[in-house]
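Let me begin by presenting the structure, written as C-alpha cells, before commenting on it.
Computed from heavy atoms alone, side chains included, the values below leave out hydrogens, waters and symmetry copies. Here is how names work: the chains are called A, B, and so on, in the same order as the sequence lines, proteins then strands, and each is numbered from 1.
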Number of protein chains: 2
Amino acid sequence: MIDDRDRKLLALLQEDAELPVNDMAERVALSVSACWRRIRRLTSDGYILRRVAILDRRKMQVPTTMYVTIRTSDHSSNWLENFRAAVADVPEIVETYRLTGNIDYLLKVILPDVEHWDIIYKRLVSRVNFFDVSSYISMEEVKSTGQIPTNFV
Amino acid sequence: MIDDRDRKLLALLQEDAELPVNDMAERVALSVSACWRRIRRLTSDGYILRRVAILDRRKMQVPTTMYVTIRTSDHSSNWLENFRAAVADVPEIVETYRLTGNIDYLLKVILPDVEHWDIIYKRLVSRVNFFDVSSYISMEEVKSTGQIPTNFV
DNA sequence: TGTGAAACTATTCCGTT
DNA sequence: AACGGAATAGTTTCACA
C-alpha cells in the first residue's frame, strides 16, 4: 500500500519526471535516501511504469486530432483479430477502445492535417469491413492533462 | 528542421526517456557529445516539451475509462467559459475536445469504477446546463501508445 | 566534432530510531 | 521497517582543442 507521501511523489513525477531526487525529497520533507528508496519501491512495485518524453504536436507536424467511431455488424473473434492487427499497423491511430453502447469502437487519430485521414481510412477499409465509420475533427483541445487522478476531493 | 537522426532520437525518447545519452548515441551512430547537443537543441527548440512518469492505472485504483459525449444548446462564450472551468476543476476528466459535427464535446474520464461517474456527472450538471450527455464505458483498451507518430509509411 | 575534466545526480552503505 | 548522513558510482554538461 502507498501513503500520502508516495502519492505526492507520484503526482510530482507525473508532472515532471526530471525533478532531481533532491528536490522531490524536499517537497515531501524526507531525506534524499528515504525518498530515493520510495521511488525505487514505487517503480519495482509497478506503480511507475516508465518515463517518457512528451513531444510538441505542432513541431512534429501532426497537429490534427480526430476521433473516429466505428460500428461493425460482424462480431466474430476473427473480425476482431483482423481489426486489431489493422489498427496496430497504423501509427497515426494512437488509441483504440472497445465501448459499451451503440458505438463499438472509438479511435483517436493524430494526423498532419484533416486530409490525411482519407489515406488512413482507405488503408483501414481495405483490410476490415465496417458497418459504419464516423469521424469527428477536434477543433480545440479544451483540456488535456496526460495525468491520471491521484487524489479525490 | 530536423533530420532522420533527430526523428529517431525523439522516437526513442518517446519510448523511454531514461535512456542514458550514451545508449542513445550508440543507437543513432553518433558520439555522445554530438548526440547530447542534438537532444539539447530538440529541447530548447521545443520539440521535447517535458518528461513525465507513466503510472499504472490499476495500481493507482483508477482502472475505468469512460468517454462522454456532450451536446449543448447554449453556444454563448459565457457557457463555454463556465464549462471550461467546470471541466478544469475535475481531475477525473483528463481530456476534453471540442469537435465538429453533431457531438459538441468529447470527454475522457478516468475513474475508480463505473459507479463513480455518477458523482462526476452530478458535479458537472450542478454547474453547467447540457442538452445531452451520453456516456460510454470502455470495455477494452485495444490500443494505446502514448506516442505521436514520428514517421510515415 | 571529439576529449576529458568539472559539476551534478543517483545510488549504496551504514549506523540510528 | 524506515530513516538520515556520508561515501561512492555514474551521468550530464561544457570549455577547449
* Structure fact -> Note: with side-chain heavy atoms under 4.5 Å as the link, the other cluster members for B:L99 come out as A:Y67, A:Y97, A:L99, A:I103, A:L106, A:Y136, B:Y67, B:Y97, B:I103, B:L106, B:Y136
* To do: Verify the neighbour count for atom CZ of A:R27: are there more than 12 heavy atoms of other residues, nucleotides or ligands below 6.0 Å?
  => no
* Asked: Which part of the nucleic acid, if any, lies within contact of B:R37, taking any heavy atom under 4.0 Å across all strands shown: a base, the sugar-phosphate backbone alone, or nothing?
  -> base
* **Check: B:K59 side chain, A:L49 main-chain N or O, donor-acceptor pair, under 3.5 Å** => no
* Should the pair A:W79 and A:F130 be assigned to parallel (<30°), tilted (30 to 60°) or perpendicular (>60°) ring geometry? -> perpendicular
Distances for protein N or O near nucleotides 8-10 of chain C N or O, under 3.5 Å:
residue, atom, partner, partner atom, Å
C:dA10, OP2, A:V21, N, 2.8

* To do: Could you check whether A:R41 gets within reach of a base, just the sugar-phosphate, or nothing at all, counting any heavy atom under 4.0 Å?
  => nothing
* Which nucleotide of DNA chain D is the first, and which the last, in the 5' to 3' direction, to come under 4.0 Å of a heavy atom belonging to chain A? -> D:dC3 to D:dG5
* Asked: When you check the gap from the basic side-chain N to the acidic O, do B:D89 and B:R127 get nearer than 4.0 Å?
  -> yes
* For B:S31, which contact category applies under a 4.0 Å heavy-atom criterion: base, sugar-phosphate, or nothing? -> sugar-phosphate
* Are any of the side-chain nitrogens in A:R50 or B:D16 under 4.0 Å away from the carboxylate oxygens of its partner? -> no
* Verify the distance criterion only: is there a donor paired with an acceptor across the side chains of B:D74 and B:T72 at less than 3.5 Å? => no
* Side-chain heavy-atom pair A:I2, A:L10 within 4.5 angstrom cut-off -> yes
